[in-house]
Amino acid sequence: MPVWMLLSVFFALTALTIITVWQASFHFGDWDVALVMGIATVKAALVMLFFMHLAYDKPFNVIIFLASFVFVALFVILTINDVRQNAPTFEPVYDEPPAVESGS
Amino acid sequence: MASTEALLETHDSHGHDHDHDHPPFLAHHFDTPEQQFDSGKLGMWLFLVTEILFFSGLFCAYAIYRWLRPEVFIGCSEFLNTKLGAINTGVLLFSSLTMAWAVRCAQTEEYKKLTGMLAATLSCAMVFLGVKAVEYSHKIDLGLLPPAFYSYNPHAPHHEGLSPYLVYMATPFAIGLVGLILWFLVSKAKGNQFAVDVAKPMIVVFLFFFVGIGLGRVLESGDSHDDHAAVVHAHDEAEAHADRMTGHGVDNPVTRQGTTGDAGLLQRLAADDANTGIRNDMQARERQGIVAGTGVVPRGAEIATPIDGVPVELNTRSQAGVFFGIYYCMTGLHAIHIIAGIMVLTWLLVRSVRRDFNRQYFGPVDNVGLYWHIVDLIWIYVFPLMYLIR
C-alpha cells in the first residue's frame with residue numbers, strides 16, 4: 001500500500017470528520033440521524049477498505065467480516081421492533097431531580 | 001506466540017538450514033509463511049467479528065433508549081464537549097494512519113521507521129486517553145454519572161481548580177512514566193542498548209498522556225463555561241431548543257407563559273414544509289406530552305393549577321442518569337479497548353526494536369493493526385451518536 005494512498009485516505013477521513021461536526025450546527029429534522037450515520041458509514045468503509053486492506057484481502061475474510069454486520073442488523077432491528085410494539089405498555093417512571101432531593 | 005518463538009529459537013540454534021526446514025518465525029505446524037499469515041489473519045477477523053457483536057449490544061441499548069426518549073438524548077448531549085470529541089476523533093484517525101503506515105514499514109523492513117510509527121500510534125492512543133480523562137473527571141465533578149450516582153445540580157455546575165478524579169486517573173500513568181525513566185537510566189548505566197532503545201520511545205509515549213491532559217484542559221476550559229451557562233439559563237432563551245433540559249418548561253411557573261406562547265408560534269412555523277427541524281421538535285414535544293400523560297397542559301390553554309414539578313424535568317436519575325449510564329458504558333468500553341491496544345502495541349514496539357519482522361513475517365503487526373482500526377471504527381460511530389445530537 002503506497003504512502004500517498006494512506007495519506008489521501010487519512011485526509012479524506014479528516015475532511016469527513018470536519019463535515020460531520022460542521023453539519024451538526026444545522027437541523028435536518030428526521031434526516032439528522034440518517035445523514036450522520038451515512039457519513040460515519042462512508043468513513044468506516046474507507047478505514048475498512050484501505051487501512052484494513054479489505055479491498056485487497058481474501059474474499060473469505062471479507063465475507064466473514066461483513067456477515068457480522070448482517071447479524072448486528074438482525075439484532076438491532078428485531079430488538080427495536082420488539083420495543084416499538086411493547087412501548088405503549090411501558091409505564092414512564094419519573095423521579096425527582098437530584099438537586100431538589102439534596103436541597104442544595 | 002512467545003512460547004512457539006522460544007521453541008523456534010532453540011530449534012534454530014541447532015542450525016538446520018536444509019531446504020525443507022523452516023525459518024525462525026515459522027511455526028512447526030505451518031508449511032509456508034503465507035499459510036501461517038493467512039491462518040493468523042483469519043483468526044483475527046473472527047475475533048474482530050466477536051468484537052463488533054460485543055459492541056452492538058451497547059449500540060442496541062443506545063438505539064432503544066434514544067427511540068423511547070429522544071429529548072433526553074438531545075438535552076444531555078449538550079453536556080458533552082463536541083470539541084473534545086472532535087479532537088479525539090482526529091487523534092484516533094491519525095493513529096490509524098500511523099498504524100497502517102507501520103504495517104507498510106514492517107513489510108518493507110524499515111525498522112527505524114516501524115518503531116517510530118508504532119511509537120506515534122501509541123502516543124496518539126495516550127493523547128486520546130488524556131483527553132478522555134479530562135472529560136470524565138469533569139463529568140464526575142459535576143455529578144453527571146450513571147443513575148445510581150447521578151447528582152447533577154444545575155445551580156452549582158462549576159467546580160474550579162484541579163479535579164481530584166483527574167489526579168487519580170493520571171496517577172498510574174505518572175507512576176509508569178517514572179518507572180520507565182528509572183528503567184531507562186538503569187539500563188543506560190548498565191549499557192543495555194536494547195532496553196535503552198525500548199525505554200526511549202516508551203517515555204515519549206507516556207509523556208503524551210500528559211500532553212493529552214493539557215490539550216483536554218485547554219479545550220475544556222475554553223468551552224465548558226458557555227456550555228453549562230447555556231443549559232442553566234435555558235429558561236431565559238426564547239429559542240425552540242432552549243428548554244431541552246426541562247422538557248416543556250411547564251414545570252417552571254416563570255416560563256410557563258412564554259413557553260406556551262412560543263409553542264403557538266412554533267406550531268405556525270412547523271406548518272411550513274421547509275421547517276422540518278421545528279416540525280420534528282414539535283413532534284418530539286407531542287410525543288413527550290403523550291408519554292407524560294396528565295402532566296401536560298394542552299398548548300395555548302390557560303394553566304390554572306399552581307402545581308409545579310409536573311414531571312417533565314429531564315435532570316433526573318432515570319432520564320439523564322440513564323443517558324450517562326449509556327455514555328459511560330460505550331466510551332468506557334472503548335477506552336478499555338484503547339488500553340488493551342496500548343498493551344499489544346507496546347509488545348509490537350519491543351519486537352520491532354528486536355527486529356523480529358520482515359517481508360515474510362509481519363503478521364503480528366498486521367493483525368494488531370486490524371484490531372486498532374476496529375477500535376477506530378467504533379469511535380467513528382460513537383462520536384456522532386454521542387456528541388453530535390441536536
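Below, read A as the first sequence line, B as the second, and so on, with proteins coming before strands; counting in each chain starts at 1. Nothing here was measured: the structure is a model prediction, and the numbers come from that model. Keep in mind that the numbers below use all heavy atoms, side chains included, and drop hydrogens, waters and symmetry copies.
Of the inter-residue distances, the one linking B:R104 atom CZ with B:T98 atom OG1 reads 14.5 Å to the nearest 0.5 angstrom. To the nearest 0.5 Å, atom CE of residue B:M117 and atom SG of residue B:C105 are 5.5 Å apart. Between atom OH of residue B:Y387 and atom OG1 of residue B:T82 there is a gap of 9.0 Å, rounded to the nearest 0.5 Å. A distance of 14.5 Å separates CG in B:L80 from NZ in B:K83, rounded to the nearest 0.5 Å.
Most heavy-atom pairs under 4.5 Å with chain A: of the set B:Y381, B:W372, B:F383, this distinction falls to B:Y381. If you tally non-hydrogen atom pairs under 4.5 Å between each of A:I39, A:V76, A:L16, A:V83 and chain B, the highest count goes to A:V83. Of all the listed residues (A:T17, A:V33, A:D57), the one sharing the greatest number of non-hydrogen pairs under 4.5 Å with chain B is A:D57. Among A:M48, A:K58, A:H53, the residue with the largest count of heavy-atom pairs under 4.5 Å with chain B is A:K58. Heavy-atom pairs under 4.5 Å with chain A were tallied for B:G90, B:A63, B:A86; the largest tally goes to B:A63. With respect to chain A, the highest number of heavy-atom pairs below 4.5 Å among B:R66, B:K41, B:M44 belongs to B:K41. Your options are A:Q23, A:R84, A:K43, and the one with the most heavy-atom pairs under 4.5 Å with chain B is A:R84. The residue among B:I64, B:L48, B:T50 with the most heavy atom pairs within less than 4.5 Å of chain A is B:I64. Highest contact tally toward chain B, considering only A:V72, A:N61, A:V47, A:V36, is held by A:N61 [criterion: heavy-atom pairs under 4.5 Å].
When ring centroids are compared, B:F73 and B:F323 come within the 6.0 Å threshold. Within the 6.0 Å centre-distance limit, the rings of B:F362 and B:F37 are counted as a close aromatic pair.
Only the side chain of B:L377 has a heavy atom closer than 4.5 Å to any heavy atom of chain A. Contact annotation for A:V9: neither backbone nor side-chain heavy atoms come within less than 4.5 Å of a heavy atom of chain B. Interface residue A:T20: backbone and side-chain heavy atoms are both found under 4.5 Å from chain B. For a residue to count as touching a neighbouring chain, one of its non-hydrogen atoms must lie under 4.5 Å from one of that chain's; by this rule B:S96 touches chain A with backbone and side chain alike. Contacts between A:D82 and chain B at a heavy-atom distance below 4.5 Å are absent for every atom of the residue. Only the side chain of A:L54 has a heavy atom closer than 4.5 Å to any heavy atom of chain B. Contacts of B:I374 with chain A are made by both backbone and side-chain atoms, with heavy-atom separations under 4.5 Å. Heavy atoms closer than 4.5 Å to chain B are found in the backbone of A:F26, but not in its side chain.
A donor-acceptor pair under 3.5 Å links the side-chain atoms of B:Y62 to the main chain of B:L385, judged by distance alone. Here the side chain of B:S77 pairs no donor or acceptor atom with the backbone of B:I74 at under 3.5 angstrom.
The 12-atom threshold is exceeded at CZ of A:F75, counting heavy atoms of other residues, nucleotides or ligands nearer than 6.0 Å. Counting heavy-atom neighbours within 6.0 Å of B:F149 CZ, excluding the residue itself, gives a total of 12 or less.
Using a 4.5 Å heavy-atom cutoff, the side chains of B:M99 and A:F51 are not in contact.
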